[in-house]
Amino acid sequence: MNGPQDLGGRHGFGPVDVASGDEMFHAAWEKRVLGITLAAGALGYWNLDASRHARESLSPAIYYNASYYEIWLRALERLLQDAGEVSGAELAAGQSSAPGLRADRCLKAEAVSAVLKRGGPTDRPGAASAFSVGDRVRLRNHQPAGHTRLPGYVRGCTGVITLLHGAHVYPDSHARFDGEQPQPLYTVSFKATEVFGADADPALTLSVDAWEPYLERA
Amino acid sequence: MNGPQDLGGRHGFGPVDVASGDEMFHAAWEKRVLGITLAAGALGYWNLDASRHARESLSPAIYYNASYYEIWLRALERLLQDAGEVSGAELAAGQSSAPGLRADRCLKAEAVSAVLKRGGPTDRPGAASAFSVGDRVRLRNHQPAGHTRLPGYVRGCTGVITLLHGAHVYPDSHARFDGEQPQPLYTVSFKATEVFGADADPALTLSVDAWEPYLERA
Amino acid sequence: MHDHDHHDNELDEMTARVRALETILTQKGLIDPAAVDAIIETYEHKVGPRNGAMVVARAWSDPEFAEWLREDATAAIASLGFEGRQGEHMVAVFNTPTQHNLVVCTLCSCYPWPVLGLPPTWYKAPPYRARAVREPRAVLQEFGVQLGPQTKIHVWDSTAEIRYLVIPQRPANTEHLSEAALADLVTRDSMIGCGLATNEAAA
Amino acid sequence: MHDHDHHDNELDEMTARVRALETILTQKGLIDPAAVDAIIETYEHKVGPRNGAMVVARAWSDPEFAEWLREDATAAIASLGFEGRQGEHMVAVFNTPTQHNLVVCTLCSCYPWPVLGLPPTWYKAPPYRARAVREPRAVLQEFGVQLGPQTKIHVWDSTAEIRYLVIPQRPANTEHLSEAALADLVTRDSMIGCGLATNEAAA
């Protein structure tokens, strides 16, 4: 979606807050959001792509005023409500009024280390890659209202395949719970002048990772 | 600029507030902002393009949380400070601490009617139009950090010239106080499928008004 | 009026902030509060969509005027006394049974003030500006307007100083109506393209 | 830590809101607060850029390891014990005297957790995400890094589950240093590409 998350190349956000240095959290509650979000993921109601879509679906007015963990929190509240595990009334009251449905899947402290170490690989058996390193491709004018990982700033741009990654879970379908539908994944490199116009830095190149449905031969 | 004002085709803003009907103002202070903004324009410190640039230069976090007249107010405060007519200290105190520099240009009540009736035409003598009705043109990948009236959603798209308007003040230069530099102005029409991709409404066309420097022959 | 997401104390803050600026500028002699009043009075009570409705009714009644409107809308509209700020360069676009027109300003709030007055709040807010160009049929449905899928739509994004006025189709069975009575059928929304002129429209 | 634009009462609101959610989920048996503690503990104290620095120092010291890192970064890095969430598919990109690399996630906050820990707040905020792809030289200057205009830059936008680790250039006059001492020269920022490894870097 052409949502608030699609930030590449946008103007008007001011300088990078370099002075914040190594800061990872603005406040103690942000740490809890990190932990609760990862723990709740173990319940199995959503996947990484669906959670990203919940975050980018926040209104721009909220998204741009929230710290990153506030975005996570609001999306988590939404996902838990969509799952039927938490009601708006419970959130307002700060108290549970019904037992959990998937308490059997609760992530226990002793399992944390193994779960984090395992992670969630997204490579899958799938179709052979149609493109090869060195092929010229154009990124399609792909603008779904739903989730996509094709950023707006490279749509319509022509680049070169520089890496093949095999087939990976396709976020556009996965985020809407329509299956993993693995698709070949590539790194596609561009000249900045192709992406941002003739005034761009001539010594700059950049790349995105893009699934085959995003691409057409140029 | 790829700023918060560049809204065409963006997702995530929700439904149109149709129920607001004929409402023009959310509150009485918004009426005063309308009047003060138009009156202060008569001081001659800025032009319409510069005032638009002041509005779109507000951070997205502010822009998307403000009503339209709050955007006008914040931009007006900025423009008056840049003009040296008002200081931040005066705004904080709510009291003037120095006389106005251009009080001689103050718009008087008796002049309002004539000033509004005159308006501010932007057509100018200028170069002949290089394109004709029916010509196919592509909108350039023109992404200045400063003001432009080329909306992001049609950049790179190919359309057809449908109207010629003669030469008009060029907003890109005018907004940075670099002169009117009149340029031929056109209406350029597109199929929605060219602009928004194959999934777009096949019975939809749209147009933007675009100055010649935004265009190249397709 | 309603206050959207603004709490009352925010409105009070804004009222104070605007009052501060007006006070400062008045003290400096840079604005005349009576001029501010006159501007507000102009657009609250004198200039509004009734002007545009008179243009449309004249176009429906007078083929020669309609032709003039097509050829030089600025002059034709000025002949009725409507001209000036935010209407310096007018273009009239005519709906037909197969072609509907809709006007938006995706980049700010451009709107033909001399014929329609000030834009309504929804016209300036992000949802309309974002969606009108991409999914006008869905937007029209929110306005209660259902166009057949075969009706073509053209959306005019007002990115320069050209201002667009939609001339809606004349409703059926209005042959007997006077120009003034016809004007009563022309809503503001129908001249933006978010509505249709109908026989049932209130004055 | 600082609170940016958040007032204290907003922070308190957020604290209350998070506590409410954690309470509800705990009451329902859906989360184990001790697991939440363990997750926080992991990324606050156990997993961090020291891991990545060991990878870089090994690559500087051992050409065979460097080659492995180029060919299969996921396996090479896992051989040092760093693997798992947000590092499932690693690619190492090597700076050279003529080519600098910079990593960003314009769409969210993708970052190689097993080697760098959690991203710093600036990495996830709009200014870095918006500007890194368009004007990395200006961004690098804000970080105090001045690259010659002839030094090429490549920016890697992490739009899939591939995670990128920048291998900075080995500083001059470090031939005598042990692998552990070399690791002390490798800052987190140098592995994102917002910094350089230098002889003066503090451990």
Side-chain angles (χ1 to χ4, degrees), chain B residues 5-10 13-18 20 22-24 26-27 29 31-36 38-40 43 52 68 70 73 77 85-86 90-91 94 96 99-100 103 106-109 112 116-123 149 151 165 168 185 196 201 203-209, chain C residues 1 3-4 11 14-15 17-18 20-25 27-32 34-40 42-43 83-89 106-109 118 120-122 124-130 133-134 136-137 139 142-143 149-150 152-157 159-162:
Chain B
Q5 88 292 354
D6 191 16
L7 281 166
R10 306 301 300 173
F13 287 98
V16 176
D17 184 12
V18 172
S20 63
D22 293 340
E23 173 195 78
M24 296 187 292
H26 299 101
W29 62 262
K31 300 179 191 179
R32 301 311 290 177
V33 172
L34 167 74
I36 299 166
L38 267 58
L43 300 173
R52 285 187 184 134
Y68 209 75
E70 181 178 339
L73 174 66
E77 291 173 344
E85 279 285 20
V86 168
E90 287 176 315
L91 290 172
S96 166
C106 176
L107 176 68
K108 297 295 178 189
V112 163
L116 294 179
K117 194 178 176 85
R118 190 164 62 239
T122 55
D123 53 336
R149 293 290 288 184
H165 302 289
H168 279 247
L185 177 68
F196 297 120
D201 187 337
L204 173 61
T205 54
L206 50 92
S207 55
V208 301
D209 297 330
Chain C
M1 282 199 298
D3 66 6
H4 289 291
L11 283 180
M14 291 306 297
T15 298
R17 186 166 174 166
V18 174
L21 182 62
E22 184 167 1
T23 301
I24 293 164
L25 295 177
Q27 289 171 339
K28 287 177 182 286
L30 295 173
I31 63 167
D32 171 8
V36 174
D37 294 341
I39 292 166
I40 296 168
T42 300
Y43 293 109
E83 61 187 327
R85 190 181 174 101
Q86 288 297 311
E88 295 91 345
H89 309 285
T106 63
L107 295 175
C108 51
S109 61
L118 296 177
T121 55
W122 57 260
K124 304 177 288 180
Y128 184 74
R129 289 164 55 192
V133 286
R134 178 190 284 275
R137 249 172 258 273
V139 170
E142 292 175 18
F143 280 91
Q150 74 292 354
K152 291 184 286 183
I153 301 180
H154 186 85
V155 180
W156 303 82
D157 188 357
T159 56
E161 301 314 316
I162 314 300

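Small disclaimer: the values here were computed from a predicted structure and weren't measured. Chain letters run A, B, ... following the sequence lines, proteins first, then strands; residues in each count from 1.
Proximity to chain C involves both the backbone and the side chain of B:Pro15, based on heavy atoms less than 4.5 angstrom apart. In this structure, chain B has a heavy atom under 4.5 Å from the side chain of C:Leu25, while its backbone stays farther away. The contact between B:Val208 and chain C is made by backbone and side chain atoms together, counting heavy-atom distances below 4.5 Å. Contact of C:Val133 with chain B is made through backbone and side chain together, with heavy-atom distances under 4.5 Å. Heavy atoms closer than 4.5 Å to chain C are found in the backbone of B:Arg118, but not in its side chain. Using a 4.5 Å cut-off between heavy atoms, B:Leu43 touches chain C through its side chain atoms alone. The contact between C:Thr23 and chain B is made entirely by side chain atoms (from C-beta outward), counting heavy-atom distances below 4.5 Å.
If you tally non-hydrogen atom pairs under 4.5 Å between each of C:Val139, C:Leu21, C:Ile40, C:Leu30 and chain B, the highest count goes to C:Leu30. If you tally non-hydrogen atom pairs under 4.5 Å between each of C:Glu161, C:Gln86, C:Lys152 and chain B, the highest count goes to C:Glu161. With chain C as partner, the option from B:Leu73, B:Leu185, B:Leu38 having the largest number of non-hydrogen pairs under 4.5 angstrom is B:Leu38. If you tally non-hydrogen atom pairs under 4.5 Å between each of B:Asp22, B:Asp6, B:Leu91 and chain C, the highest count goes to B:Asp22. Of the residues considered (C:Ala20, C:Ala160, C:Pro120), C:Ala160 shows the highest number of contacts with chain B, using heavy-atom pairs under 4.5 Å.
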CA sep, side-chain torsions, deciding dist, call: C:Thr106, C:Asp157, side-chain hydrogen bond (donor to acceptor under 3.5 Å, both in side chains):
CA-CA 6 Å; C:Thr106 63; C:Asp157 188 357; 2.7 Å; yes

Could you go through the side chain to side chain contact (heavy atoms under 4.5 Å, CB included) check for C:Arg129 and B:Gln5 one step at a time?
CA-CA 9 Å; C:Arg129 289 164 55 192; B:Gln5 88 292 354; 4.1 Å; yes

What verdict does the side chain to side chain contact (heavy atoms under 4.5 Å, CB included) test give for C:Tyr43 and C:Arg85, after you've listed the backbone C-alpha separation in whole Å, the side-chain angles of each residue and the deciding distance to 0.1 Å?
CA-CA 11 Å; C:Tyr43 293 109; C:Arg85 190 181 174 101; 4.1 Å; yes

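Every residue two or more places apart in sequence or in another chain that forms a side chain to side chain contact (heavy atoms under 4.5 Å, CB included) with B:Ala39 is listed here: B:Leu107, C:Ile31, C:Val36, C:Ile39. Among residues two or more places apart in sequence or in another chain, the side chain to side chain contact (heavy atoms under 4.5 Å, CB included) test is passed with B:Asp123 by B:Pro121, B:His168, C:His89.
For the atom pair C:Lys124 NZ and C:Cys108 SG, the distance stands at 11.5 Å (nearest 0.5 Å).
When ring centroids are compared, C:Trp122 and B:Tyr68 stay outside the 6.0 Å threshold.
A salt bridge links B:Arg32 with C:Asp37: at least one charged nitrogen is closer than 4.0 Å to a carboxylate oxygen.
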